[in-house]
2 protein chains.
Amino acid sequence: MIRRTPQQPRERGIPDATVARLPLYLRALNGLAERAVATVSSEDLAVAAGVNSAKLRKDLSHLGSYGTRGVGYDVQYLIYQISRELGLTQDWAVAIVGVGNLGRALANYGGFVSRGFRVAGLLDADPEVVGDHIAGLVVEHSDGLESVIAKRGVSIVVIATPAPAAQAVCDRVIASGVTSILNFAPVVLTVPAGVDVRKVDLSIELQILAFHEQRKVNGGPVMGEEWAGEVS
Amino acid sequence: MIRRTPQQPRERGIPDATVARLPLYLRALNGLAERAVATVSSEDLAVAAGVNSAKLRKDLSHLGSYGTRGVGYDVQYLIYQISRELGLTQDWAVAIVGVGNLGRALANYGGFVSRGFRVAGLLDADPEVVGDHIAGLVVEHSDGLESVIAKRGVSIVVIATPAPAAQAVCDRVIASGVTSILNFAPVVLTVPAGVDVRKVDLSIELQILAFHEQRKVNGGPVMGEEWAGEVS
DNA sequence: TCGACTTTGTGCATTACTTCACAAAGGCAC
DNA sequence: GTGCCTTTGTGAAGTAATGCACAAAGTCGA
């Protein structure tokens, strides 16, 4: 069993669900900071982040005790602590492979640059696209993937290629020593242990919406419609 | 105690976690169908979808008993059942508001069209963009949002505008009777009860990756680095 | 028809996450 | 100081999701 020693409950074990919400809090806090708010209560921050305040407090308590009872949280200080916990106080060199519309959207997305991510390379296999200037960078041919990763210290790769190309890119990237991959291609990537893959499928959320919308309209899947295929 | 109303063949409550995985199974099944696979075991399908097989079986059991013991699941039949459950056997008219790179990527995304979603309108506030031809549609000015929704039976709206514009678009959309919104803008939308909002933040997954990457490198947040701001 | 074999569907134990509710901590007025 | 007020941080209770392990149900060859 590969699990934490029962001895050490104080180990840096932040629940996954909490980690997933920290970026949300960070965004809300940045919004407050822009409006020059100095201090915020868990209640107000929870509203701004769209969660329940008890959950917010418990989440923050996993990072440490950074609030002041009777007052709330210092906005700047909390931004710093969450950023540090997420590793956003350091500079991450990111390469984006696949410069279609999605790759372009990502390259231009302000939310990356403003959070410690630096787009260090844009690569594409299509000669038509190579050479384009996007977000201050020149698109390079994906043949040079390995050298871009090595020379520019890339530690996170974003895959935004068509589905059929994704696994091959993934393999090459891993061979170059990258262990963190963000995959936008609609395929399940096979990777060795120790490599972290996170995926975003743009259509999944839409399908979940359709599920709920359907229930609003008619209380569930259409009944009485029969399957016409062969079941054998 | 499972009480079923005579008209409902089975309990209607499918866990959220299950609903969120159904699109994943559907994608894996479509991949199998393309390769002309007729039947699949929970074990194989689980691998293809990147989940554990017990979980897969439990998820599918919430939809009904569609497998055959000793054999597995009929691929086509299961595709049909999951699609029906998710509401993808009907046609959903979707409008995309905000035609930047992301909006274009979404409009061209095959995963939408192939799953029962029909892009019925592309709208943008920028006169420069209005009139462009994208994915077989002409971009319209967002002034016409209400009329597009009403005339084309739009029931789901995708917001891909810059953050500052999102809430206003959201309000107008809701006023037009839409109750399902997919939000790509990095803001928390305020909506009345009964309206479903799902959000996708392209940078959240990247931040979660950074969190894990940081731990691989140095076992946690950089220590000894002190906060330089004013706390009290 | 039978028996060996495969694979589903699910009860149950476990783990993870959420929410409640309140004592303790600190600020602030006087 | 003292006492009131606000808000945090957290045990404890409640809820949801996961994974194990196996009986039941079905296939298939002989």
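Here the structure is a predicted model, which means the values were calculated and not measured. Residue numbering restarts at 1 for every chain, and letters A, B, ... go by the order of the sequence lines.
- No side-chain heavy atom of D171(B) sits less than 4.5 Å from a side-chain heavy atom of T190(B).
- For N52(B), the listed nucleotide lying nearest its side chain is dG19(D); candidates were dT10(D), dG26(D), dG19(D).
- With hydrogens and angles ignored, a donor-acceptor pair closer than 3.5 Å exists between the side chain of K58(B) and the base of dG19(D).
- Put simply, CG on D16(A) is 15 Å from C1' on dT18(C), counting in whole angstrom units.
- Both T68(A) and G72(B) lie close to DNA chain C; mapped to their nearest nucleotides by heavy-atom distance, the more 5′-ward contact belongs to G72(B).
- Rounded to a whole Å, the CG atom of L45(A) is 12 Å from the P atom of dG9(D).
- Atom NE2 in H62(B) sits about 12 Å away from atom P in dG9(C), given to the nearest Å.
- Between R21(A) and dT18(C) there is a side-chain polar atom (N or O) within less than 4.0 angstrom of OP1 or OP2.
- Using modelled atom types and a 3.5 Å distance limit, the side chains of R84(B) and T89(B) yield no donor-acceptor pair.
- Checking the phosphate oxygens (OP1, OP2) of dG19(D), a side-chain nitrogen or oxygen of K55(B) falls inside 4.0 Å.
- Across the protein-nucleic acid pair, R57(B) atom CZ and dC20(D) atom C1' stand 10 Å apart, rounded to whole Å.
- Between the side chain of R69(A) and the base of dT7(D), no donor-acceptor pair of N or O atoms lies under 3.5 Å.
- A distance of 6.0 Å or more separates the ring centres of Y73(B) and Y66(B).
- Residues P15(A) and G70(A) each lie close to DNA chain C; by heavy-atom proximity, the contact nearer the 5' end of the strand is made by P15(A).
- Counting only heavy atoms from C-beta outward, the side chains of F117(B) and I156(B) approach each other to under 4.5 Å.
- Within the structure, every side-chain polar atom (N or O) of S42(B) is placed at least 4.0 Å from both OP1 and OP2 of dT7(C).
- Put simply, S65(A) has a side-chain N or O that comes within less than 4.0 Å of OP1 or OP2 on dG9(D).
- The phosphate of dG26(C) has neither OP1 nor OP2 within less than 4.0 Å of any side-chain N or O from Y73(A).
- One atom, CD of E43(A), and another, P of dT8(D), lie 9 Å apart when rounded to the nearest Å.
- The side-chain heavy atoms of T39(B) and V75(B), taken from C-beta on, include no pair separated by under 4.5 Å.
- For the pair D44(A) CG and dT6(D) P, the interatomic distance rounds to 14 Å; values are reported in whole Å.
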